[in-house]
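Side chains included, hydrogens not; waters and symmetry mates left out as well; all remaining heavy atoms used. Chain letters run A, B, ... following the sequence lines, proteins first and then strands; every chain starts at 1.
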2 protein chains.
Amino acid sequence: MDTEAQDFDVMTLGCPSRVIMQRLGDKWTPLVFLALKDGPRRFSHLRNDIGGVTPKVLTQTLRSLERDGLLNRTIYPEVPPRVEYELTELGHTVLGPLEVIRAWSQDHASLILQARDDYDERNDA
Amino acid sequence: MDTEAQDFDVMTLGCPSRVIMQRLGDKWTPLVFLALKDGPRRFSHLRNDIGGVTPKVLTQTLRSLERDGLLNRTIYPEVPPRVEYELTELGHTVLGPLEVIRAWSQDHASLILQARDDYDERNDA
DNA sequence: CGGCATCCTAGTTGATACTG
DNA sequence: CAGTATCAACTAGGATGCCG
């Protein structure tokens, strides 16, 4: 079958692709992806990797991503319990785009910080 | 001069680069960038291009981006007033990363939508 | 035309404590 | 260990109306 995916346009109000894009950009999603890029990780591992995340919010984020088919959650019936999260095939395809954003952010952070200082100085000094 | 930019790590709580990344991912920022990619645009033009944005939020977004040095605001002293927004050089460098995200979102929207349906059906039908 | 001021709501985030 | 429950902000976002 052909793609016909170009009905989607993020500029249009209510277009699903816009919601998708927003999910990618939310506060914790990119960080979860980056934490999972090298393979499966346990809950507590993720919590440690992602500075400042609380268990509740981490759970929420993971659930959303699981729902969207971007990662899998595997429960190992052991004592103590073990749960692993792993990117799906679809999830792996986001890694590239996200890395680009991450790189840009890290590379230009100091420039932007300075632009802010300049702006603030000009406008209320 | 050398880069020394690698002090920044989005995984670290409080790292500025994380804030930057979040700004890129907020609700309207990417859409503003995409609306400005082909050159300067007026306020009302942007408002029309970006489905669902209110004037207040558009203004807020534009101000933030101006403060971050990503776009310039030019006032033409005419009657009626004309104000144009244009990406700065720095602003143009985000366009690439953002287009990648946009493309991914539009290309995979239907897959994700379906994953959601499947998930919801499995879990509460 | 291009905003700003005001008020308001509704969803998100967070701190803390507790459980299977 | 891997969450859930509860409660308390917080604040982004929206509706409306006025001004230079």
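dC1(D) atom C1' lies 13 Å from atom CG of Leu58(A), rounded to whole Å. Arg73(B) places its CZ atom 11 Å from the C1' atom of dC4(C), with the value rounded to the nearest Å. Rounded to an integer number of Å, the gap from Ile50(A) CD1 to dG14(C) C1' is 16 Å. As a whole-Å value, the separation of Arg47(A) CZ from dT13(C) P is 18 Å. Distance CZ (Arg41(B)) to C1' (dG2(C)): 18 Å, rounded to an integer number of Å. If you take CG of Leu62(A) and C1' of dT13(C), they are 16 Å apart, rounded to a whole angstrom. Whole-Å rounding puts the Arg23(B) CZ to dA12(D) P distance at 9 Å. Nucleotide dG14(C) holds its P atom 10 Å from the CD atom of Gln60(A), rounded to whole Å.
Between Asp9(B) and Arg18(B) there is no salt bridge, since no side-chain N of the basic residue sits under 4.0 Å from a carboxylate O of the acidic one.
Each of dG3(D), dA2(D), dA15(D) was ranked by its minimum atom distance to the side chain of Arg82(A); first place goes to dA2(D). Closest contact between the side chain of Pro80(A) and the listed nucleotides dC4(C), dC1(D), dT13(C) involves dC1(D). When each of dG3(D), dG13(D), dC1(C) is scored by its nearest atom to the side-chain atoms of Val57(B), the top-ranked nucleotide is dG13(D).
Inspection of the Arg41(B) and Tyr85(B) side chains reveals no N or O donor paired with an N or O acceptor under 3.5 Å.
For the OP1/OP2 pair of dA2(D) and a distance below 4.0 Å, the side-chain nitrogens and oxygens of Arg42(A) include at least one atom meeting the criterion. Considering only side-chain N and O atoms, Ser44(A) lies under 4.0 angstrom from the phosphate OP1 or OP2 of dA2(D). Neither OP1 nor OP2 of dT16(C) sits under 4.0 Å from any side-chain N or O of Lys56(A).
To the nearest 0.5 Å, atoms CZ (Phe33(A)) and OG1 (Thr61(A)) are separated by 10.5 Å.
The shortest side-chain heavy-atom distance between Glu86(A) and Leu36(A) does not fall under the 4.5 Å cut-off.
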Going through the distances and angles, do Arg42(B) and Arg82(B) end up as a side chain to side chain contact (heavy atoms under 4.5 Å, CB included)? CA-CA 7 Å; Arg42(B) 303 180 61 169; Arg82(B) 182 163 61 102; 3.4 Å; yes

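At a threshold of 4.0 angstrom between heavy atoms, the contacts of Tyr76(A) with the nucleic acid are absent.
The backbone N or O of Ile75(A) sits nowhere less than 3.5 Å from a side-chain atom of Glu84(A) that would complete a donor-acceptor pair. Between the side chain of Thr88(A) and the backbone N or O of Leu70(A), at least one donor-acceptor pair lies under 3.5 Å.
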Quick test: give all pairs of protein nitrogen or oxygen and nucleotides 18-20 of chain C nitrogen or oxygen below 3.5 Å, distance rounded to 0.1 Å.
none

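Residues Pro55(B) and Thr61(B) each lie close to DNA chain D; by heavy-atom proximity, the contact nearer the 5' end of the strand is made by Thr61(B). A residue-by-residue look at Trp28(A) and His45(B) shows that His45(B) has its nearest nucleotide of DNA chain C further toward the 5' end.
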